[in-house]
Every structure is written in C-alpha cells, then in structure tokens.
Number of protein chains: 2
Amino acid sequence: MPTPRAEPRAEQRAAGGARDRVLAAALDLFGEHGVSGTSLQMIADRIGVTKAAVYHQFHTKDEIVLAVLAPAMESLHRSIEEAERGTTPAARREAMLTSLVDLAVGNRRIAAILRADPAAAELARSHPALDVGDRIRALLVGPDPDVRSDVAGAMVGGALMMIGAAPELERYGDDELSANLLELARDLLGRHAGTARRG
Amino acid sequence: MPTPRAEPRAEQRAAGGARDRVLAAALDLFGEHGVSGTSLQMIADRIGVTKAAVYHQFHTKDEIVLAVLAPAMESLHRSIEEAERGTTPAARREAMLTSLVDLAVGNRRIAAILRADPAAAELARSHPALDVGDRIRALLVGPDPDVRSDVAGAMVGGALMMIGAAPELERYGDDELSANLLELARDLLGRHAGTARRG
DNA sequence: GTCTATAGGGAGATAGAC
DNA sequence: GTCTATCTCCCTATAGAC
C-alpha cells in the first residue's frame, strides 16, 4: 500500500501531533493551577518547546481554552437537544440526568476547569453550547420548581461539577462512579416528582 | 465624657477603616473574577486609592487572600472540633452537617472563592484549619465508607461549595436555603447509615 | 514546526514625600 | 493613610530566520 501521509515522529505520536500535545498539556495545567494561573510559558515548558511554537498552533490563549473545552461543550449541547425531545417531564429529566452524569464523569478534569474559573466559564458561554444553564435546569426540575426542587437541582449540578476535585473519588472507575452518582441524583430529584405543588 | 479615640472620618465609617474596605473590595472582586484574576490595581481602584495605599495595609497579595478567608476558616475549625466530641457516629454526622450547611450558606461568597481557585485553596491549607478534608469526611461518612457513602459525601461537599455560584438560589433567604439543604443532605447521607456493610 | 529575539504592557512590590 | 514614582519580573503576542 502507498503512504498517504508521512509517519509522525516519535514525540508527536505520543499525543497525536503538535496541536494535540498543546491541548493535553493545557488540560493538565488548567486543572492544576486554574486557567488564569496557567501561562503560555508553562504550557510550552511542559511539552518542551518555546512559547512561539505554541503560538504557531493557537494565536491567542483564549483559543486554547476554547479548544480544550469544545468537545465537552458540543457533547453537552447534543445531550440537551436530545433530552428536550423527551415526551414526558420524567423522560426529559432522566435523559438529561443520564447524559449529565456520563459527561461529568467522562470529563472530570474539564468539569474542574469550568468550576475553577469565572473567566473560563464566561468564555465557554461564547460557544453556542453553554448559555444553557436554564435549559438544563428546566429539564431537571421543570419550568416552575418549588424551593426544594430548586435546591435539589443545584445540589446535583454542584455535585457533578465538583466530582473531579474530590480526591476520595479518584480511586473509583467511571462505571462504578456513574452508577452511584446517577442513583443518588435520581433520588434527590425524583423524590417529589409529580408532587411538587405549592399551597 | 472624654474622647478615648478620634472619630473615624466619613470614608472610613462606610466599612470600618481602611483595612476593612480593602477586605470588602477584595471579597467582591475575588467572587467576580477569581483570585488569580484580581489584581491589586483592581482592588485599589474599587475603593478609590492607589496600590501603594493597599500595600500599607497588607504587604502581599497572599495576606489579603488569607485575611478574606480567615473568619470562615476559623469557624470551620471550631465546628470540626465540636463535632468530633459527639458520642455516636450519628451525632457526629448531624453536628458536622448542620455546621457545614450554616457555614456554607452564611458565607456563600467565600465558598465560591475557595471553589474558584486552586491557588486560594492551597493557600487556605497553610492556615491551621483546612487540611481538614479528611476529618470532615470521616465525620460525615465514617472512617471506612463504601462507594455509595463516599459518593454521597462528595455530593454533599460539592453541593455546598457550589451553592454560592447558583444564580437560581440567590432569591432564597439563608433560613429557607439552609433548611432545604440540610434536609436533602441528611437524606443523601443518612439513607444507608448503619447499613453500610460490605460483603 | 520550531527557533531567537523583542515589543509592549501589566503584574507584584518598594522608597520616600506629604 | 495616602500619594507619586519607580523597580523588576513575567505576561501575551509578533517578526522573521531556519
């Protein structure tokens, strides 16, 4: 067979090209020091090149942040659209909750980044995927929640955001963690489903 | 009667002295932009003085961060010590949970700061009050938790950290919020109390 | 794709006058 | 307690050679 593309060199194979190595290093460092606390110099040092080499891949720091967050953002967006197609409130809640748990567990470190930086969260909102807090909340607790549902929804959201930062959960695999999170979250949200009347 | 102390001037009365005005501005700005995202220039501008005036009160930025966090840290420390004096696991859990909810609700913005910056969290650990994650966890879920209790404990911890960042909860008063949080957290943690055996 | 070199600005921090 | 002025360092970002 012919060679459609040149073989990547050893350093590139490690993470699939210079661009990907930048993103991998950025993901690490954002998690350790926050986005504001991470400089391009740190990213360059981590992969053993100079700042200028990093700038050849991404022209601004914001581009790097967005590129790190993009896959999770897009996945979240697809999950919301899909959940909104559910025909009953319970079905919509269950679909959103399942996707959210999977997403949070599968991207523990990205959740930690969004948790960890107001600037990053704002940047993410410029992406057509994360001005979606209201849509997620509506899917989880309905359009007009009472206090208790509101608090339960915030607890679930907060818990999912924080799982990446909990050292005692690192020893659990994705499947085990997801199953337990899902069960407890369902419990928290579902307890009063259909009975949430006021007065 | 004599005058034991000079009257504070008008600008000082607003927040009780220059030092307190710095701390108040810092609390605001840390919440808005994170700790790393807040410069001394921003703090100085907010209260209408120069950086040098701020440096007269605190010799480093870290000092400001610690001073902002200190009251909550000390309160947390006292709560842990008190909870550890409980005579049964259930009593210790209940004491810790109650204090934790009160603390988180009463200091929503400080929780947001700790949530929002790895550097701030690390700084806080240098204070003799917040290498205490393990002690809190032991009080909430016992010394040898199963998966489910571990996840439940992390959910409660995460939820409490995030409540300051949830816009939909801002409209609730402290009492209403505390009551609902406490009830739901108790539920999450207590469901399996005494039955958490393995094998 | 990576380098050296550098521009331009804002960061934390200090000195000394008022 | 606050100011002006200044220091040093590191940041993001750019230019141009290899």
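The basis for the numbers below is simple: all heavy atoms, side chains too, and nothing from hydrogens, waters or symmetry mates. Letters go in sequence order (proteins before strands), and every chain restarts at 1.
- Neither side chain, B/D175 nor B/S178, offers a donor N or O lying under 3.5 Å from an acceptor on the other.
- Look at CG on A/D62: it is 14 Å from C1' on D/dC11, rounded to the nearest Å.
- Counting non-hydrogen atoms under 4.0 angstrom, A/T50 reaches a base of the nucleic acid.
- Taking a 6.0 Å sphere around CD of B/E63, one finds it holds more than 12 heavy atoms contributed by other residues, nucleotides or ligands.
- In this structure, the nucleotide among D/dC3, D/dA13, D/dA15 sitting nearest to the side chain of A/T60 is D/dA13.
- Checking C/dA15, D/dT14, C/dT2 against every side-chain atom of A/Y55, the shortest atom distance belongs to D/dT14.
- Applying the side-chain hydrogen bond (donor to acceptor under 3.5 Å, both in side chains) criterion to B/R108, with sequence neighbours excluded, gives B/D174.
- Distance from the side chain of B/K51 is smallest for C/dG12 among the nucleotides D/dG1, C/dT2, C/dG12.
- Between the P atom of C/dT2 and the CG atom of A/D45 lies a distance of 14 Å, rounded to the nearest Å.
- To the nearest angstrom, P of C/dG1 lies 12 Å from NE2 of A/H59.
- Closest contact between the side chain of B/H56 and the listed nucleotides D/dA13, D/dT2, C/dT14 involves D/dT2.
- Note: CZ (A/F58) to P (D/dT14) measures 15 Å, nearest angstrom.
- Spacing between atom CE of A/M42 and atom P of D/dC10 amounts to 13 Å, rounded to whole angstrom units.
- For C/dT2, one of the phosphate oxygens OP1 or OP2 lies less than 4.0 angstrom from a side-chain nitrogen or oxygen of A/R21.
- Residues B/M96 and B/L189 are not in side-chain contact: their nearest non-hydrogen atoms beyond the backbone lie 4.5 Å or more apart.
- Within residues 25-37 of chain B, no residue has any heavy atom closer than 4.0 Å to DNA chain C.
- Rounded to an integer number of Å, the gap from CD of B/Q41 to C1' of D/dT4 is 13 Å.
- Of the listed nucleotides (D/dT14, D/dT2, C/dT2), D/dT2 has the atom at the smallest distance from the side chain of B/V49.
- Of the listed nucleotides (D/dT2, C/dA13, C/dT2), C/dA13 has the atom at the smallest distance from the side chain of B/K61.
- For the OP1/OP2 pair of D/dC10 and a distance below 4.0 Å, the side-chain nitrogens and oxygens of A/S39 include no atom meeting the criterion.
- Nearest to the side-chain atoms of A/Q57 among the listed nucleotides C/dG12, C/dA15, C/dG1 stands C/dG1.
- Although no hydrogens or angles enter the test, the distance criterion places no donor-acceptor pair under 3.5 Å between the side chain of B/S75 and the main chain of B/P71.
- Between C/dC3, D/dT4, D/dT2, one nucleotide has an atom nearer to the side chain of B/A18 than all others, and that is D/dT2.
- For the pair B/K51 (side chain) and B/S39 (backbone), a donor-acceptor distance under 3.5 Å is absent.
- Between B/E84 and the choices B/R92, B/R78, B/R135, the salt bridge (Lys or Arg N to Asp or Glu O under 4.0 Å) rule is met once, by B/R135.
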